[in-house]
Protein chains: 2
Amino acid sequence: MVEQLVINVGKKIRELRRQQGLSLRQLSEQIEVSSSAIHKIEQNLISPTLGTVLKIVKGLGTTLQSLLDEQSEPKEVAYFAEAKRRSTIVPDLKIGIQLLTGGLPEETFSAALLSIPRGAKIKEREFHHHGEELQLCIKGKVKFTIKGETYLLKRGDSLHFKSYLRHFWENVGNAEARLLMICSPPIHLGRESNEG
Amino acid sequence: MVEQLVINVGKKIRELRRQQGLSLRQLSEQIEVSSSAIHKIEQNLISPTLGTVLKIVKGLGTTLQSLLDEQSEPKEVAYFAEAKRRSTIVPDLKIGIQLLTGGLPEETFSAALLSIPRGAKIKEREFHHHGEELQLCIKGKVKFTIKGETYLLKRGDSLHFKSYLRHFWENVGNAEARLLMICSPPIHLGRESNEG
DNA sequence: GGACGATGTCTCCTATACGATACACTATCT
DNA sequence: AGATAGTGTATCGTATAGGAGACATCGTCC
């Protein structure tokens with residue numbers, strides 16, 4: 001029998017397959033997984049192998065992530081972060097951080113507005129993590145260095161990169177700069193932060 | 001033996017485990033998966049069951065997604081979208097869309113700047129997709145309706161929600177509005193768009 | 001009504017994921 | 001050196017994932 005964690009992937013797979021008008025055998029042929037196996041997976045009679053689920057989601061044109069994401073109904077519908085009510089987190093860095101996310105269950109990315117005082121910079125070690133990151137410059141001039149390469153971001157410019165690459169940045173304008181930062185997977189700034 | 005699709009999850013798992021200073025047995029106890037199983041998975045000797053990988057990634061504090069994402073080294077280091085060089089996609093909607101992402105392999109979210117002319121709106125059916133979505137109002141006034149609930153976004157306000165919920169929005173200001181939209185998983189606007 | 005083709009389900013059998021435990025190796029003690 | 005505790009690896013038994021094919025049901029055509 002199948003454990004609690006995985007409950008409902010079967011149901012979801014069946015929905016998607018039906019939605020696309022595919023029969024068990026049709027899907028089976030496409031993806032090289034037997035129809036009986038798919039059937040058992042859909043009924044939650046077995047817990048598929050990683051290889052098998054990947055074949056299936058590929059065949060259905062989805063990702064495993066979205067399959068797992070929507071298993072439980074969200075408790076929060078939407079997280080509304082009003083500009084005037086947003087709290088500002090101020091860690092040691094002297095950089096103002098306003099989180100735009102953090103209110104939904106099982107988020108897959110984080111967003112924050114960063115206020116960077118004149119001359120401030122982030123050193124190389126900090127905020128080094130997995131996944132990807134998008135930085136959009138809203139105000140001021142910020143110089144990014146990623147793996148040796150430098151980029152100067154002015155108002156409206158953005159930079160998208162894999163964030164496990166060594167990266168750091170600096171406010172090179174003569175005034176405060178503001179960045180919008182998106183991280184995936186989400187990081188949890190300020191809260192329960194005990195860096196190993 | 002293990003198939004091509006899944007190659008390297010093992011390596012990645014081992015890296016993460018070591019990075020956290022955990023031994024096979026330590027991790028094993030935490031997550032109720034035998035150490036020998038973890039070992040074989042790390043060596044790509046077996047293809048783990050969905051339940052098993054989920055236990056492991058949970059124990060390592062990651063998501064399955066990020067495990068699968070970063071399997072291959074990225075070809076692009078960073079995607080720099082300069083404001084003045086950004087192309088504007090104009091679909092039927094009359095809404096200007098400037099993509100900030102789309103340059104990296106295996107992205108997990110999409111970001112775009114939307115320019116919404118006065119009075120323009122998005123109807124309910126459109127942009128209905130899986131995952132989650134963040135909207136940040138940069139300029140103007142936009143009214144969002146999500147599952148019946150309405151939110152008025154002014155400059156600086158943001159809204160974060162599960163995007164499979166029915167949602168639509170409308171520019172209710174007396175001028176053009178601008179939104180920054182983040183979607184996860186990524187959607188591919190404008191390109192190869194043939195809605196089933 | 002019977003033949004045919006489609007669907008999903010069930011029943012085996014085999015391949016394999018996983019657990020228990022033994023083994024090899026290294027480091028740090030006494 | 002020997003003992004002990006830690007590491008990762010190898011072996012083997014069992015539970016189970018997955019494949020081949022039979023079976024039941026429903027529709028359509030003749």
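A, B, ... follow the sequence lines: proteins, then strands. Residue 1 opens every chain. Keep in mind that what you see is a predicted model, and the values were worked out from it rather than measured.
In this view, A:Ile138 and A:Leu113, A:Arg178, A:Leu180 satisfy the side-chain contact (heavy atoms from CB on, under 4.5 Å) rule, not counting sequence neighbours. Remark: B:Ser36 pairs with B:Ser34 by the side-chain hydrogen bond (donor to acceptor under 3.5 Å, both in side chains) rule, at least two apart or across chains. B:Arg25 pairs by the side-chain contact (heavy atoms from CB on, under 4.5 Å) definition with B:Ser23, B:Ser35, not counting sequence neighbours.
A straight line from CD1 of A:Ile38 to P of D:dA17 spans 15 Å, rounded to a whole angstrom. Between A:Ile46 atom CD1 and C:dC18 atom C1' there is a gap of 15 Å when expressed in whole angstrom units. Per the geometry, CG belonging to B:Asn44 stands 11 Å off P belonging to C:dA17, to the nearest Å. To the nearest angstrom, P of D:dA17 lies 13 Å from CD1 of A:Ile56. B:Ile31 has its CD1 atom 12 Å from the C1' atom of C:dC18, to the nearest Å. Regarding B:Leu50, its CG atom lies at a distance of 10 Å from the P atom of C:dC18, rounded to whole Å. As a whole-Å value, the separation of A:Ile41 CD1 from D:dT16 P is 16 Å.
Residue pairs that meet the salt bridge (Lys or Arg N to Asp or Glu O under 4.0 Å) test with at least one member in residues 137-146 of chain B, sequence neighbours left out, are B:Lys139-B:Glu176. Applying the salt bridge (Lys or Arg N to Asp or Glu O under 4.0 Å) rule to pairs touching residues 28-49 of chain A yields A:Arg14-A:Glu42, A:Arg17-A:Glu42, sequence neighbours excluded.
Between atom CG of residue B:Leu114 and atom CH2 of residue B:Trp169 there is a gap of 5.5 Å, rounded to the nearest 0.5 Å.
Remark: B:Thr49 is not in phosphate contact with D:dT16, judged by side-chain N or O atoms under 4.0 Å from OP1 or OP2.
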Using the 3.5 Å cut-off, write out each protein N or O paired with an N or O of nucleotides 24-28 of chain D and the distance between them.
none

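Under the 3.5 Å distance criterion, the side-chain polar atoms of A:Thr150 are left unmatched by any main-chain donor or acceptor of A:Phe144. Under a 3.5 Å cut-off, the side chain of A:Asn171 and the backbone N or O of A:Val142 do not form any donor-acceptor pair.
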Counting primed atoms plus P, OP1 and OP2 as sugar-phosphate and everything else as base, spell out the protein contacts along nucleotides 8-13 of chain C at 4.0 Å heavy-atom distance: B, S or - for each nucleotide, 5' to 3'. BBB---
Dump the intermediate steps for side-chain contact (heavy atoms from CB on, under 4.5 Å) on B:Ile41 and B:Ile56, then the final yes or no. CA-CA 10 Å; B:Ile41 292 166; B:Ile56 292 176; 3.8 Å; yes
